[in-house]
Every structure is written in C-alpha cells, then in structure tokens.
Amino acid sequence: VQLQASGGGLVQSGGSLRLSCAVSGSIYSISDQGWYRQAPGSQRELIADVSSGGSANYADFVKGRFTNSRDNVKKMIYLEMNNLKPEDTAVYYCNGRIRPFTRDWPERYYWGQGTQVTVSS
C-alpha cells in the first residue's frame with residue numbers, strides 16, 4: 001500500500017493550492033482519510049479528515065478556507081486550500097485507514113511521504 005501526495009509548492013499569501021493524494025496497491029477497503037501538516041519545530045497536527053461516506057471534519061484554523069474531499073472510485077483524496085496564510089507553511093501529509101488484500105487483514109493507518117507548502121507574505 002502506498003499513498004502519494006502531490007500539489008505542494010510556493011504561493012503568495014491569499015493564494016490557493018490543491019493537494020492530491022493517490023492510494024495504490026492491493027486495497028480491500030479504505031475508511032477514514034485525512035490530511036495533517038507539520039511545520040518546522042512543531043508537532044504534526046490534523047487539518048481535516050473525511051469518512052468513507054464523505055463526512056468531513058476540519059481543524060478550526062482551516063475552517064472556511066480548506067475543503068477536504070475524496071473520490072472512492074479513483075482512490076484519491078484532495079485538499080483544496082484557499083486564502084493561504086504564511087502560518088500555513090508546512091509539510092502536508094495524507095493518511096488513510098486501510099485494510100489491504102482481503103477482509104481478513106487488519107486495518108491500520110498508512111501515511112504518504114509529504115508535500116511542502118510554502119506561503120510567502
């Protein structure tokens with residue numbers, strides 16, 4: 001199982017980016033999927049997560065600016081980020097609670113490698 005995050009980059013304050021996360025490998029099921037970020041010197045923090053049914057939750061500091069969505073057929077999740085601020089600068093990680101291979105395998109969280117988002121003032 002692999003998660004590949006992409007879409008990061010350098011953007012000016014007030015700008016927008018769209019992150020994508022592709023899940024590949026032998027997958028039996030995917031339940032919750034989400035996005036985290038980690039700024040230098042800080043702990044990794046949850047930004048948003050979305051259930052297999054599409055119900056999304058957001059951290060207060062991104063509500064109204066970020067939108068988390070998923071495409072279950074394509075095994076993709078997306079993070080649309082608008083009105084970006086310098087304090088949003090961080091490495092962004094996607095994760096998913098995944099059951100690989102068959103129903104008999106245990107479900108656990110898998111992580112992508114991270115994509116850098118830098119917001120200049």
For the student: nearest non-hydrogen atoms of [X] and [Y], plus distance:
X   : Y    : value
C94 : I77  : CB-CD1, 4.0 Å
S52 : N72  : O-ND2, 3.2 Å
P86 : S13  : CD-OG, 3.8 Å
A5  : Q113 : O-NE2, 3.0 Å

Counting heavy atoms not belonging to Q2, are there more than 12 under 6.0 Å from its CD?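 For Q2, atom CD is not crowded (no more than 12 foreign heavy atoms under 6.0 Å).
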side-chain hydrogen bond (donor to acceptor under 3.5 Å, both in side chains), paired with R65, selected from N82, N83, D88: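 Exactly one candidate clears the test, D88.
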For residues [X] and [Y], determine if any side-chain heavy atom of one lies less than 4.5 Å from a side-chain heavy atom of the other.
X    : Y    : result
V1   : S24  : no
T118 : V11  : no
T89  : V117 : no
L3   : I98  : yes

Please tell me whether [X] and [Y] are part of a single hydrophobic cluster in this structure, the criterion being side-chain heavy atoms less than 4.5 Å apart.
X    : Y   : answer
L79  : V50 : no
V119 : V91 : no
F61  : W35 : yes
Y58  : L19 : yes

At what distance, to the nearest 0.5 angstrom, does [atom1] of [X] lie from [atom2] of [Y]?
X    : Y   : atom1 : atom2 : answer
L46  : Y36 : CG    : OH    : 4.5 Å
D32  : R70 : CG    : CZ    : 7.5 Å
S120 : L10 : OG    : CG    : 5.0 Å
I30  : S51 : CD1   : OG    : 13.0 Å
R103 : S29 : CZ    : OG    : 10.0 Å
S26  : R99 : OG    : CZ    : 13.0 Å

Go through the steps for T67 and Y78 under the test side chain to side chain contact (heavy atoms under 4.5 Å, CB included), then give the verdict. CA-CA 8 Å; T67 303; Y78 305 98; over 6 Å; no
Can you classify the ring geometry of Y93 versus W111 as parallel (below 30°), tilted (30 to 60°) or perpendicular (above 60°)?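 Rings of Y93 and W111: perpendicular, as their planes differ by over 60°.
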Result of checking M76, K74, Q4, Q33 against V23 for side chain to side chain contact (heavy atoms under 4.5 Å, CB included):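 Filter result, single survivor: Q33.
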